[in-house]
*Asks:* 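Okay, here's the structure, questions in a sec.
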Amino acid sequence: MDWIRRSPCFFRHKRQVQSCPVKRAQTSFFFCTGEVRARDWTIFLQEVELFNQIVKFLEFYLFPLDPVVVELCNVDINSMKSITSIAPVNIAVIKYWGKRDEELILPLNDSLSGTLSTDQMCAKTTVAIDGSFSKDRIWLNGKEESFDNDRLQNCLTEIKARARSQNKLTSGELSHHVHICSENNFPTAAGLASSAAGYACLVYSLAQLYGIEGDISSIARTGSGSACRSVLGGFVQWVSGNNLDGSDSIAEQIVDADHWPDMRVLILVVSDNKKKTSSTSGMQKSVMTSDLLKFRIAKCVPERMKRITTAILDRDFQIFADITMQDSNQFHAICLDTYPPCIYMNDVSHAIADLIHQINEDAGENIVAYTYDAGPNACLYLLEENVPKVLAAVNHAFPSARSGSEYYKGLPVTSEPLPEEWECVAKREIWSPEALRYIIHAKIGEGPRVVEDSLLDGSGLLKRTI
């Protein structure tokens with residue numbers, strides 16, 4: 001490096017990033033014998049192009065330059081690269097609960113879920129890299145958080161490793177710090193699969209930014225187990241796998257979003273508060289103390305996976321509903337079998353489950369199925385034609401003082417009176433108006449996709465607050 005500093009062709013580049021795109025680069029050139037400050041943008045571009053041509057001439061025709069020197073001499077006037085994506089929530093019908101490897105997040109059993117449309121519920125993430133960034137930073141729902149998170153670091157490390165092995169970016173770009181901004185359009189940590197959507201969106205965005213090819217579900221899995229199912233649309237299976245390194249623990253699509261077009265989901269939000277016991281903590285305790293979990297893994301899940309997969313392929317809602325509700329009940333039974341117990345459902349949750357059984361009994365068949373993740377909120381699978389009737393029953397048992405978009409979110413809903421033949425539902429106890437916070441109406445949808453509206457400004461900083 002000393003010889004180039006003594007050379008008349010010594011070049012030094014300083015850049016101060018500002019918010020205005022045109023003023024993002026203020027450059028001083030020490031070229032030949034004097035300093036030239038680029039005040040005019042056109043002149044600046046001409047000077048950059050001229051200098052790069054000189055560097056290439058010296059390198060290829062006179063003498064080879066040190067690669068480090070060439071790297072320093074390349075002026076990138078638009079060095080910040082960014083991608084913004086959205087990723088979906090998934091609602092499991094065969095639950096994932098318990099790990100065989102905590103570090104690699106390898107599950108004890110297969111699981112299966114429906115991916116919800118991003119038009120109704122999604123996580124949104126912008127990721128950016130730039131040589132001017134002084135450190136890695138992350139903002140979640142408008143608040144800056146610590147980047148010192150093992151799962152976050154694992155995802156980023158694996159993405160960079162694959163980008164390096166696939167020769168997708170320069171060594172300089174791979175060394176750049178990253179800025180991440182993410183937000184949800186639904187409550188976080190309330191049992192609505194926010195971590196699954198969040199990590200799926202993060203990994204997908206990073207993969208797009210770094211140009212990664214191939215399966216990324218195994219990377220998303222290292223962030224949040226069920227996130228691997230959110231990188232695909234339709235109905236998705238997370239294969240538990242057998243390999244110690246987790247290489248065969250990936251997500252596989254069973255059917256795409258168009259296979260069962262009239263499948264709908266109603267999410268009855270009982271509480272949007274953060275749950276008392278996290279899923280990670282609950283799983284660890286269940287693995288250590290629940291005998292019922294061992295029976296579920298060995299006997300119940302393998303049989304249910306086969307039956308519900310067939311039901312989905314055949315669009316058999318009767319069998320689909322039975323298995324969905326049975327698996328949800330067993331999952332929460334395991335939570336109660338855990339010592340000390342993990343209690344995620346509350347009185348309203350149990351009342352909704354009882355209402356669903358009453359609706360199916362009055363209807364003479366399964367027209368709706370409930371499932372509960374690690375939280376009190378009810379997720380109801382049903383066909384489009386039955387949405388108005390089921391909503392009528394829900395509104396009868398759980399009336400609300402709110403209406404319109406304040407109460408109903410997602411797909412439009414139509415109201416109709418409670419069916420006269422549903423006599424038992426009509427006689428049910430009526431809960432207070434505050435039992436339900438709101439209702440989300442969604443459908444099965446596709447996996448993540450790139451969008452235009454960035455959450456970061458031109459300097460890579462938070463654009464807005466939530």
Side-chain angles (χ1 to χ4, degrees), residues 88-93 113-122 185-186 192-193 233-235 255 257-270 311-312 315-325 328 348-349 351-373 377-400 402-422 424-426 428 430-431 435-446:
V89 170
N90 72 77
I91 303 297
V93 293
S113 62
T115 300
L116 303 191
S117 171
T118 54
D119 292 339
Q120 288 86 56
M121 296 177 68
C122 69
N185 67 352
F186 59 94
L192 290 176
F235 282 92
V255 295
D258 296 327
H259 173 76
W260 208 340
D262 54 344
M263 180 66 82
R264 296 292 182 268
V265 174
L266 291 173
I267 301 176
L268 311 187
V269 180
V270 175
I312 292 170
R315 301 185 192 88
D316 187 335
F317 189 82
Q318 298 303 304
I319 295 177
F320 174 88
D322 279 337
I323 298 173
T324 296
M325 291 187 284
S328 177
V348 178
S349 307
I352 294 170
D354 188 57
L355 171 64
I356 299 309
H357 284 294
Q358 192 68 73
I359 290 173
N360 289 335
E361 184 177 337
D362 280 359
E365 62 178 351
N366 290 332
I367 66 169
V368 58
Y370 60 77
T371 185
Y372 294 83
D373 286 337
N377 303 309
C379 300
L380 309 181
Y381 277 96
L382 69 170
L383 300 182
E384 183 180 15
E385 62 180 341
N386 293 318
V387 170
K389 291 185 288 188
V390 171
L391 272 178
V394 169
N395 291 334
H396 173 79
F398 302 95
S400 175
R402 295 183 292 273
S403 61
S405 60
E406 183 183 5
Y407 189 65
Y408 298 108
K409 303 178 185 297
L411 292 171
V413 297
T414 56
S415 60
E416 64 178 41
L418 188 69
E420 294 181 1
E421 62 273 20
W422 290 9
C424 294
V425 172
R428 289 185 62 85
I430 296 178
W431 283 71
L436 296 182
R437 299 292 302 275
Y438 53 90
I439 297 174
I440 303 172
H441 182 204
K443 63 180 181 179
I444 301 299
E446 304 291 349

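Positions are given from 1, in the same order as the sequence printed here.
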*Asks:* State whether the number of non-hydrogen atoms from other residues, nucleotides or ligands found under 6.0 Å of Glu420 atom CD is greater than 12.
*Replies:*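 Result for CD/Glu420: open.
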*Asks:* Let me have the donor-acceptor pairs involving side chains of residues 381-399, under 3.5 Å, with sequence neighbours excluded, atom names and distances please.
*Replies:*
| unit_1 | atom_1 | unit_2 | atom_2 | d |
| --- | --- | --- | --- | --- |
| Tyr381 | OH | Ile91 | O | 2.8 |
| Tyr381 | OH | Gly114 | N | 3.4 |
| Glu384 | OE1 | Arg264 | NH2 | 3.4 |
| Asn386 | OD1 | Lys389 | NZ | 3.4 |
| Asn395 | OD1 | Tyr408 | OH | 3.3 |
| Asn395 | ND2 | Leu391 | O | 3.2 |
| Asn395 | ND2 | Tyr408 | OH | 2.8 |
| His396 | NE2 | Ala426 | O | 3.1 |

*Asks:* Of all the heavy-atom pairs spanning Leu411 and Ala442, show the shortest one and how long it is.
*Replies:*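 Where Leu411 meets Ala442 most closely, the heavy atoms are CD1-C, 3.8 Å.
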*Asks:* Give a yes or no answer on whether the side chain of His441 reaches the backbone of Lys409 with a donor-acceptor pair at less than 3.5 Å.
*Replies:*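 Checking the backbone N and O of Lys409 against the side chain of His441, no donor-acceptor pair under 3.5 Å is found.
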*Asks:* Roughly how far apart are Ile312 CD1 and Phe317 CZ, rounded to 0.5 Å?
*Replies:*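 One gets 11.5 Å once the value is rounded to the nearest 0.5 Å.
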*Asks:* Considering non-hydrogen atoms only, spot the tightest contact between Leu116 and Ile267 and give its length.
*Replies:*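 Heavy-atom minimum between the residues: CD1-CD1, 4.0 Å.
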*Asks:* Can you classify the ring geometry of His357 versus Tyr370 as parallel (below 30°), tilted (30 to 60°) or perpendicular (above 60°)?
*Replies:*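 Because their plane-to-plane angle is over 60°, the rings of His357 and Tyr370 count as perpendicular.
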*Asks:* Kindly compute the distance separating SG (Cys424) from CD1 (Ile359), expressed to the nearest 0.5 Å.
*Replies:*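 Reported value, rounded in 0.5 Å steps: 12.0 Å.
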*Asks:* Grab the two heavy atoms, one from Tyr372 and one from Ser349, that are nearest each other, plus how far apart they are.
*Replies:*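 Tyr372 and Ser349 have their closest heavy atoms at OH-O, 2.6 Å.
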*Asks:* My understanding is that only residues two or more places apart in sequence, or in another chain, count here; which of them pass side-chain hydrogen bond (donor to acceptor under 3.5 Å, both in side chains) with Arg428?
*Replies:*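 By the side-chain hydrogen bond (donor to acceptor under 3.5 Å, both in side chains) rule, Arg428 matches Asp354.
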*Asks:* Heavy atoms only: give me the nearest Met263-Phe320 pair and the separation to one decimal.
*Replies:*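 Heavy atoms of Met263 and Phe320 come nearest at CE-CE2, 3.9 Å.
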*Asks:* On a heavy-atom basis, which atom in Ala435 and which in Val348 lie closest, and how many Å separate them?
*Replies:*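 Answer, listing the atom of Ala435 first, then Val348: O-CG1, 3.9 Å.
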*Asks:* Answer yes or no: is there a donor N or O on one side and an acceptor on the other, between the side chain of Asn366 and the main chain of Ala321, under 3.5 Å?
*Replies:*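 The answer is no, because no donor-acceptor pair under 3.5 Å joins these two groups.
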*Asks:* For Thr324, is there any backbone N or O sitting under 3.5 Å from a side-chain donor or acceptor partner on Ser328?
*Replies:*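 No; zero donor-acceptor contacts below 3.5 Å.
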*Asks:* Test of understanding: with side-chain hydrogen bond (donor to acceptor under 3.5 Å, both in side chains), list the residues that count as partners of Asp362, not counting sequence neighbours.
*Replies:*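 Testing Asp362 for side-chain hydrogen bond (donor to acceptor under 3.5 Å, both in side chains), a comparison that skips the adjacent residues, returns none.
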*Asks:* So, do Ile323 and Val93 sit near enough that their side-chain heavy atoms are less than 4.5 Å apart?
*Replies:*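 No; the side chains remain at least 4.5 Å from each other.
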*Asks:* Give the minimum heavy-atom separation between Ala378 and Ile352, together with the two atoms involved.
*Replies:*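 Distance-wise, the nearest heavy atoms are CB-CG2, 3.8 Å.
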